[in-house]
Number of protein chains: 2
Amino acid sequence: MSIKPRAVRGRPLLSQAKIVDKALALLQKIPLKEVTMRRLAQELDTTPAALYAYIKNQQDLFNAVTERVISGIDLRDLDHETDWREMLRKWARAVRERQLQFPHVTTIVQVNPHTPVAWFEITEPQLRALQMAGLSGYALMDTSRCFSRVVLGSILNEIMLEAAMIRLEREDADAALEHLSPRGRAAIENLLPYLGDQDNDALFEFTINCVIRGIESALSSEH
Amino acid sequence: MSIKPRAVRGRPLLSQAKIVDKALALLQKIPLKEVTMRRLAQELDTTPAALYAYIKNQQDLFNAVTERVISGIDLRDLDHETDWREMLRKWARAVRERQLQFPHVTTIVQVNPHTPVAWFEITEPQLRALQMAGLSGYALMDTSRCFSRVVLGSILNEIMLEAAMIRLEREDADAALEHLSPRGRAAIENLLPYLGDQDNDALFEFTINCVIRGIESALSSEH
DNA sequence: ACCTGAACACCGTTCAAGT
DNA sequence: ACCTGAACACCGTTCAAGT
């Protein structure tokens, strides 16, 4: 039997950081929905009510968790890169790598839209890359937003839809085809042989390269 | 005082379709979280338990709602288009228009990832456009997935993040800057004058055109 | 100062019982 | 056959009371 430790004067057992740590650890094992205040308290060996001394509410906690994930994106690899195209690729890969590490955290975005402050910090190297490409002012702004959207959107899509997609494609494709119009059916049937080979890594690279080529093409058409 | 109608033999008051109708109507006014079984029952002038005769559970209901939104995407405008680039643009705009009409439904995707069967049907004209561009086999598959991801990702991003983003940019940008590294700060400060003019329509067009140029560029580099 | 226990106002879902 | 009422097992959050 272990004796439950008690707080001694000025030394609380809990802290914001400890709660966020535990939430992040839990989110690597279980989906967002199951990370309840009660479960969190249990894992921290305390009561749900005790958590509220350190966090305002559950939404606030999830914001802190998201912030933690975003600030953990490692962009050091970009520092000595001289080609802006390769910089953008490295940026996109770094963001994706971190998000795929915490897929359940990525789903918070949808439950609770909140742009973390850390995102500003992460965006800086991306802006540098686009400046190296010769962009500034509104064009820089638009291109940056476009690139961020494509990268974040792709990752969101990958994490949230891909699993369901593959299941549907493999198991239910035939059933789904029954309900389609003849034209839709013909289009999909042609593609059935290619459906199985979903490779998310390759698709991500393909998408990023597509956008980078688009940016390049916009640049050269201006000159 | 109105008298509550009662079901007479073989003519139930409720139906799947009526429940989905009401859910969709509600979702135009209130966010997903507030569309509870109790609220839905109340609006339909019945009890929560009665709903379960027509739908398996809440998740199933939300799937049906999503299906309804997706099948409502109007792609007739694409039928007589001869330029594949313009076809892709029209496809993207049609998908966005419908999703923006039901922003709260779009957030279901994240709560409950499930690719609606109707999505197959919607994808067909997009595939036709890409075939017109000269694509087939794996290249067609990859490009289609890439384009769908960019379009869906952008819309998801727009609906879920943009509101928070604008708020943050306008109100909290200064506060956020305090926490940044000097380098990040300099990068963002340069852009502050341009931050206010967020135009989602223009950004969407910009993004779509960027990807279309990327696809074009990939096509021509193969020949 | 820090934490606990119990309560409040909600959920989704089930099922015996009514008409 | 169709619907109701009550119950079950959960939520997030609050707050008086304990140590």
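Being a predicted model, the structure only gives us computed values, none of them experimental. We name chains A, B, ... by the order of the sequence lines, and we start the count at 1 in each one.
Of the listed nucleotides (dT4(C), dC11(D), dT13(C)), dC11(D) has the atom at the smallest distance from the side chain of Thr36(A). For Leu14(B), the listed nucleotide lying nearest its side chain is dC3(D); candidates were dG5(D), dC11(C), dC3(D). Taking the side chain of Tyr52(A) as heavy atoms from C-beta on, and the options dG12(C), dG12(D), dC3(C), the nearest nucleotide is dG12(D). Comparing atom distances between the Tyr54(B) side chain and each of dC3(D), dC11(C), dG12(D) picks out dC3(D) as nearest.
Judged by Watson-Crick or G-U wobble contacts below 3.5 Å, the nucleotide dC10(D) has no partner. When both distances must be under 3.5 Å, the Watson-Crick or G-U wobble mate of dC15(C) is dG5(D).
A donor-acceptor distance shorter than 3.5 angstrom exists from the side chain of Glu67(A) to the backbone of Ala118(A), with no hydrogens or angles considered.
Residue Ala53(A) is classed as having no contact, given no heavy-atom separation below 4.0 Å to the nucleic acid.
Look at CG on Asp60(A): it is 14 Å from C1' on dT13(D), rounded to the nearest Å. Computed from coordinates, the Arg38(A) CZ to dT14(D) P distance equals 13 Å when rounded to whole Å. Rounded to whole Å, the distance from CZ on Phe62(B) to C1' on dG12(C) is 11 Å. Note: CD1 (Ile19(B)) to P (dC3(D)) measures 9 Å, nearest angstrom. Note: CG (Asp45(B)) to C1' (dT4(D)) measures 13 Å, nearest angstrom. Taking atom CG of Leu61(A) as the reference point, atom C1' of dT13(D) lies 14 Å away to the nearest angstrom. At whole-Å resolution of the value, CE in Met37(A) and P in dC11(C) are 19 Å apart. One can place CG of Leu44(B) at 15 Å from C1' of dC2(D), the figure rounded to the nearest angstrom.
Taking all atoms of both residues into account, the shortest heavy-atom contact from Phe206(B) to Thr143(A) is CZ-OG1, 3.5 Å.
Using cut-offs of 30° and 60° for the angle between ring planes, the Trp119(A) and Trp91(A) rings count as perpendicular.
Under a cutoff of 6.0 Å and an axis angle of 45°, Arg93(A) and Phe204(A) do not form a cation-pi pair.
Take the nearest nucleotide of DNA chain D for Asn57(A) and for Ala49(B): the residue whose nucleotide is more 5' is Ala49(B). Mapping Ala50(B) and Gln58(B) onto DNA chain C via the closest heavy atom, the residue that lands nearer the 5' end is Gln58(B).
Note that the OG atom of Ser144(A) and the CG atom of Leu130(A) stand 6.0 Å from one another [nearest 0.5 Å].
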